[in-house]
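All remarks here apply to the structure that follows.
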Amino acid sequence: MSEEIKVTTKSPSENDLVQRNDKDIIQTEIVSGDNKKTHRKRVRMSLTHRRMIVGYVFILPWLIGFFMFYVRSVILAGRFSMSLMDMDANAGGYTLKFIGLENYIKAFREHATFKQVLTTSLTNMLVDVPLITFFSLFMAILLNKKFKGRAVFRAIFFLPIILNSGAISEMMALAQAMMNGGITPTASELSSSAGSGVLAFDIDYLISMFMNLGLPARFVNYLSSAVSRINEIISASGVQIIIFIAALQSIPGSMYEVAKIEGATGYETFWKVTFPMVMPHIITNVVYTIVDSFTDSAVVDLAHDTMFKTFNWGLGSAFTIISTIVTCAILGIVVFLLQKRTFYYN
Amino acid sequence: MKTTALKVPLFTKARDYLRDPLKKKIALNSLKEILITVLKYSILIGVSYVIVSPVIGMFVNSISSDADAYNPMMFILPKYPTLERYRLAILRLDYWETLTKTMLYSVTVTFLQLFICSMVGYGFARFKFPLKKLWFGCVIFTIIIPTHSIMLPLYVYFKQFDIFGIVSSLQGKTGLMGTVIPMYVLSLFACGLRSGLFIYIFNQFFRGLPKEIEEAAFVDGANMFYTYFRIMLVNAMPAVITVTVFSFVWQFNDVFYAKLFLMPDTTVISKRIASLQKFIANEDNILSITLQELYRDAGAILVIAPVVIVYLLLQKNFIEGVERSGIVG
């Protein structure tokens with residue numbers, strides 16, 4: 001069965017390559033019957049089979065990690081959330097006592113703040129997602145065109161990706177509050193919450209003006225909450241802008257040419273060409289935004305504190321499981337709704 | 001009804017000029033263009049200000065002296081700038097030492113991420129094997145699932161971590177808590193900080209490369225690993241740069257994993273900065289919160305400086321890479 005190819009040339013490394021090459025070519029022709037054994041036994045395999053195995057070798061690290069860390073962790077988290085957990089602080093061993101759904105019931109019925117924190121995070125997210133999506137699309141369109149100083153603006157616009165993470169983002173928020181109203185942060189906080197400061201803008205006046213216009217109160221509330229969160233929205237849309245810019249670049253220029261020849265205005269071109277073409281990426285962005293906003297939401301902090309500060313491991317796990325399920329449900333609904341309206345070019 | 005303004009020679013001249021419909025159209029168009037340009041730049045500059053202003057604010061704070069801090073009229077330009085904040089912040093952060101350690105840690109993790117994620121991405125992009133779709137779906141799943149939902153199992157796992165008794169024989173006790181090794185292990189198995197996203201980016205990029213390169217390599221006798229290493233990875237430079245920037249910056253700033261694995265403050269600067277304010281308040285007996293904040297801001301500037309420098313150096317390549325790497329499917 002095994003066919004050794006005689007090595008006659010001098011340099012060993014080159015030989016190796018030549019030898020492999022020859023073998024591959026032969027192997028493509030001879031498809032052996034028993035290819036269950038690995039190459040150790042020198043059983044002949046077709047190229048497709050070899051590529052299959054090499055493919056698995058390539059993804060092997062991830063595959064191990066996925067089972068070791070993700071699958072195992074998800075199952076364990078489920079178990080933790082359904083039991084009373086005791087952990088030995090030094091050795092790290094733990095004991096589980098199965099108590100069924102008690103933790104979940106506790107989370108919803110007894111815990112003082114969980115429901116509130118969850119709903120606040122959810123509503124914040126629901127307000128933010130459309131705003132972030134449209135803001136980043138708008139900015140991507142602006143940044144995609146050629147103009148003077150584009151490189152500088154692009155560098156600035158992607159800065160939030162760097163700065164909006166971890167420890168620094170908290171400090172950024174504080175510095176932001178300071179910049180909104182003079183040097184003393186306490187004074188600025190007071191003035192912005194009162195709605196009238198030396199440097200702060202009088203928001204109440206604007207709100208009452210919109211109300212007097214006869215706009216529905218809900219709409220005005222939405223707008224004002226959106227405007228007051230402009231910092232968060234801008235700093236959360238870095239990656240989204242990148243994705244949209246890449247999407248805009250991938251639209252073939254011929255489509256715009258056709259639109260121009262047919263006499264479409266800029267407005268029509270946007271709605272008939274640009275928007276449908278970036279629609280699939282709107283889904284990507286919405287998914288990314290939802291996941292991202294949940295990653296640093298208050299629910300996570302609450303769960304973390306419940307686990308590592310009050311050592312209520314089971315309840316904390318229940319929090320994470322609930323919020324994960326809620327996130328996935330929202331993702332599912334949103335993707336389902338958007339998918340129906342999406343046009344796929346390819 | 002003729003207004004007097006129109007009788008001014010300049011205006012009459014303009015009116016005569018605009019009589020010609022073609023010229024009128026040109027004039028209107030150029031006016032429109034100017035307005036649009038003004039609008040565009042005002043939006044861009046406005047938003048840029050919102051993005052940059054906290055950095056400016058922190059920088060201003062970090063160089064203002066006591067007199068400036070208490071001066072309510074001071075805005076943006078301190079009257080008596082000083083470097084005292086930096087001196088103390090550098091001292092109390094053990095800046096150079098902590099920074100070196102953090103850099104070492106972040107760079108190592110970045111290399112691991114690059115190597116492993118590109119490999120996995122290549123595997124998904126170029127090879128056909130059974131269950132490929134399912135596994136790739138699982139990659140997407142790892143992107144979507146919030147990391148916090150698996151934090152406790154990870155914590156427990158690394159607390160007991162003792163493969164073949166190596167850890168306990170070296171340390172005297174099991175577990176890797178209080179070290180940065182858990183992060184290395186996670187990255188080694190492509191489950192580190194947003195590894196799923198990096199796999200996805202690499203997968204998209206490799207799929208976009210022409211197959212002919214590999215075929216040529218194959219005909220010339222390169223084996224598959226050689227092809228990946230010496231040919232595909234070199235061609236994937238835009239994606240490599242994108243992932244490098246993302247991975248390094250996120251790792252450098254990360255506090256979630258640092259908190260979860262109880263990494264020591266002396267090796268993770270992003271964790272250390274959080275306690276700087278209290279530390280300085282206690283150590284140097286600075287009781288005024290306003291002054292404490294100045295030191296904290298100086299510390300923050302020191303922490304973001306290396307990241308911003310890395311970003312600015314790779315910025316041009318990074319943005320090009322993003323455009324070309326087809327983050328987009």
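Numbers restart at 1 for each chain; the letters A, B, ... are given by sequence-line order, proteins then strands. This is a predicted model, so every value here is computed, not measured.
- Note: B:Ile56 CD1 to B:Ile51 CD1 = 11.5 Å, rounded to the nearest 0.5 Å.
- The pair B:Arg194-A:Asp292 meets the salt-bridge criterion, with a side-chain N (NZ, NE, NH1 or NH2) lying under 4.0 Å from an Asp/Glu carboxylate O.
- Using a 4.5 Å cut-off between heavy atoms, A:Leu143 contacts chain B through its side chain alone, with no backbone atom that close.
- The stretch residues 312-320 of chain A places A:Trp313, A:Ser317, A:Thr320 near chain B, each with some heavy atom under 4.5 Å from a heavy atom of that chain.
- If you measure heavy-atom distances from A:Val287 to chain B, the contacts under 4.5 Å come from the side chain alone.
- When each of A:Val299, A:Thr48, A:Leu248, A:Leu63 is scored by its heavy-atom pairs under 4.5 Å with chain B, the top score falls to A:Leu63.
- In this structure, no portion of A:Val71 lies under 4.5 Å from any heavy atom of chain B.
- The backbone N or O of A:His304 lies less than 3.5 Å from no partner atom in the side chain of A:Lys309, so there is not a single donor-acceptor pair.
- Your options are A:Arg79, A:Lys148, A:Lys145, and the one with the most heavy-atom pairs under 4.5 Å with chain B is A:Lys148.
- Only the backbone of A:Ala151 has a heavy atom closer than 4.5 Å to any heavy atom of chain B.
- With chain B as the partner, the residue from A:Ile290, A:Val152, A:Ile234, A:Leu76 showing the most heavy-atom pairs under 4.5 Å is A:Ile234.
- Applying the side-chain contact (heavy atoms from CB on, under 4.5 Å) rule to A:Ser73 yields the partners B:Ile150, B:Pro153, B:Leu154; only residues at least two apart in sequence or on another chain are considered.
- At most 12 non-hydrogen atoms from other residues, nucleotides or ligands lie less than 6.0 angstrom from CD1 of B:Ile289.
- Proximity to chain B involves both the backbone and the side chain of A:Phe158, based on heavy atoms less than 4.5 angstrom apart.
- With hydrogens and angles ignored, the 3.5 Å screen pairs a side-chain donor or acceptor of A:Tyr56 with a backbone N or O of B:Pro130.
- Residue A:Phe157 touches chain B through both its backbone and its side chain, counting heavy-atom pairs closer than 4.5 Å.
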